[in-house]
Amino acid sequence: MLVEIPEGLVRALVDAEHVAVLTGAGMSAESGIPTFRDPQTGLWSRYRPEELATPEALRRNPDLVWSWYAWRREKVRQARPHAGHRALVRLEGLVPRFTLITQNVDGLHQRAGSREVIELHGNILRTRCADCGRQVQDWPPAPEGRAPRCPHCGGVLRPDVVFFGEPLPEGALQRAWQAAASCDVMLVVGTSAVVEPAASLPRLAYMRGAVVAEINPQRTPLSDLVHYRLPAPAGEALPALVAALEAARKPGSVGR
Ligand code: APR
């Protein structure tokens, strides 16, 4: 399917001093990592993330929470960045200032070559102790299906991600607010825009007068607000958008 790239969006990117991008689980869907709120298939369809990704679930049933994250971590390890991730790496080199903010915990942007990635919800490939808080690289093997224990204090280990109800990493959130407050264009890619505070970032950018574009095959609560909607998968829309920007920047073409 050929995705149509709005001329106005290309011009806004040509003129932009600062481009911000906010990505969600849909950005990793074409890399084979299930999203949270699309109809789920497979082993974990009977659980909702809200039931597993919480401090209470970890206290109540650390073995189940650990197994769910071990399953997701394996999916992440098998995944590869796709053309959309690589298009964002190209975009970073085409604009004076670029900020990539992600809700994803899979590290695919970094693996594609994005340098500065603001991880709002942490990273599933990092592990920390739920009790002493230390980051832990390796730990004594635990019996099958059991959550491993911290080698320092014997506490329960957990992924270094933000659970529902937990505060986001302060520094990451501050930098994300600053980017939303200063960007000229914000691309919102593959997020259902229902989880705060991430969902407020595009609204802040919009209220400040930034050009906001949504890349998502489905409509979301942001769809009526944004200036442009590209109703296509990230793996198609982002390469097409960046190719249009590269063409527009050629000498003698439109814009700067
Ligand atoms: N390209 C672009 N968007 C896609 C694609 C794709 N190939 N496939 C699905 N999508 C869209 C869906 O239409 C949906 O709007 O991606 C969005 C995924 O939404 P969610 O599953 O809710 O993921 P996300 O918005 O990242 O969730 C936010 O909620 O569960 C918590 O912490 C978790 O970071 C997550 C947060």
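All ligand and atom numbering here is 1-based and tracks the order in the structure.
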With atoms numbered from 1 as shown, which atoms in ligand 1 lie under 4.0 angstrom from a non-hydrogen atom of [X]?
| X | value |
| --- | --- |
| Glu30 | 1 (N), 6 (C), 7 (N) |
| Phe164 | 30 (O), 31 (C) |
| Gln218 | 13 (O) |
| Pro233 | 1 (N), 6 (C), 7 (N) |
| Ala25 | 23 (O), 24 (P), 26 (O) |
| Gly24 | 26 (O) |

N/O to N/O below 3.5 Å, does that happen between Thr220 and ligand 1?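 Thr220 vs ligand 1: no N/O contact under 3.5 Å.
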N/O separation below 3.5 Å, Val194 to ligand 1: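 It does not: no N or O of Val194 is found under 3.5 Å from an N or O of ligand 1.
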So between [options], whose heavy atom ends up nearest [atom]?
| atom | options | answer |
| --- | --- | --- |
| atom 14 (C) of ligand 1 | Val188, Thr23, Val189, Asn216 | Asn216 |
| atom 25 (O) of ligand 1 | Leu168, Ile215, Thr191 | Thr191 |
| atom 32 (O) of ligand 1 | Glu214, Met27, Arg219, His121 | His121 |
| atom 22 (O) of ligand 1 | Ser192, Ala234, Gly190, Gly122 | Ser192 |

Could you see which bit of [X] sits under 4.0 Å from ligand 1, with heavy atoms only: side chain, backbone, both or neither?
| X | result |
| --- | --- |
| Ala29 | side chain |
| Val195 | side chain |
| Gln103 | both |

Steps toward side chain to side chain contact (heavy atoms under 4.5 Å, CB included) verdict (Leu125, Arg77): CA-CA 9 Å; Leu125 297 176; Arg77 288 208 176 95; 4.3 Å; yes
Can Ser114 and His85 be counted as having a side-chain donor-acceptor contact under 3.5 angstrom?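 Per modelled atom types, Ser114 and His85 side chains form no pair under 3.5 Å.
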Indicate the ring-plane relationship of Phe163 and Tyr69, choosing parallel, tilted or perpendicular according to the 30° and 60° boundaries.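 Ring orientation of Phe163 relative to Tyr69: tilted.
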Search all heavy atoms of Ser223 against all heavy atoms of Glu214 and return the closest pair with its distance.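 Result for this residue pair: OG-OE1, 2.6 Å.
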Indicate the atoms forming the closest heavy-atom contact of His109 with Thr23, along with that distance.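 Residues His109 and Thr23, closest heavy atoms: NE2-OG1, 2.9 Å.
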Which pairs, with at least one residue in residues 192-205 and sequence neighbours excluded, count as a side chain to side chain donor-acceptor pair (under 3.5 Å)?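 Applying side chain to side chain donor-acceptor pair (under 3.5 Å) to every pair that reaches into residues 192-205, excluding sequence neighbours, yields Glu196-Ser200.
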Thinking salt bridges, do Arg72 and Asp106 make one under a 4.0 Å N-O criterion?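 Between Asp106 and Arg72 there is no salt bridge, as every charged N stays at least 4.0 Å from the carboxylate O atoms.
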Would you find a donor on one side and an acceptor on the other, under 3.5 Å apart, between the side chain of Arg208 and the backbone of Ala181?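 Here the side-chain-to-backbone pair exists.
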For the hydrophobic clusters of this structure (ILVMFWY residues joined by side-chain heavy atoms under 4.5 Å, transitively), does one cluster hold both Val185 and Val226?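 Not linked; separate clusters.
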Does anything in residues 159-184 form a salt bridge (charged side-chain N to carboxylate O under 4.0 Å, His left out)? List the pairs, not counting sequence neighbours.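 Found Arg126-Asp160, Arg128-Asp160, Arg158-Glu166.
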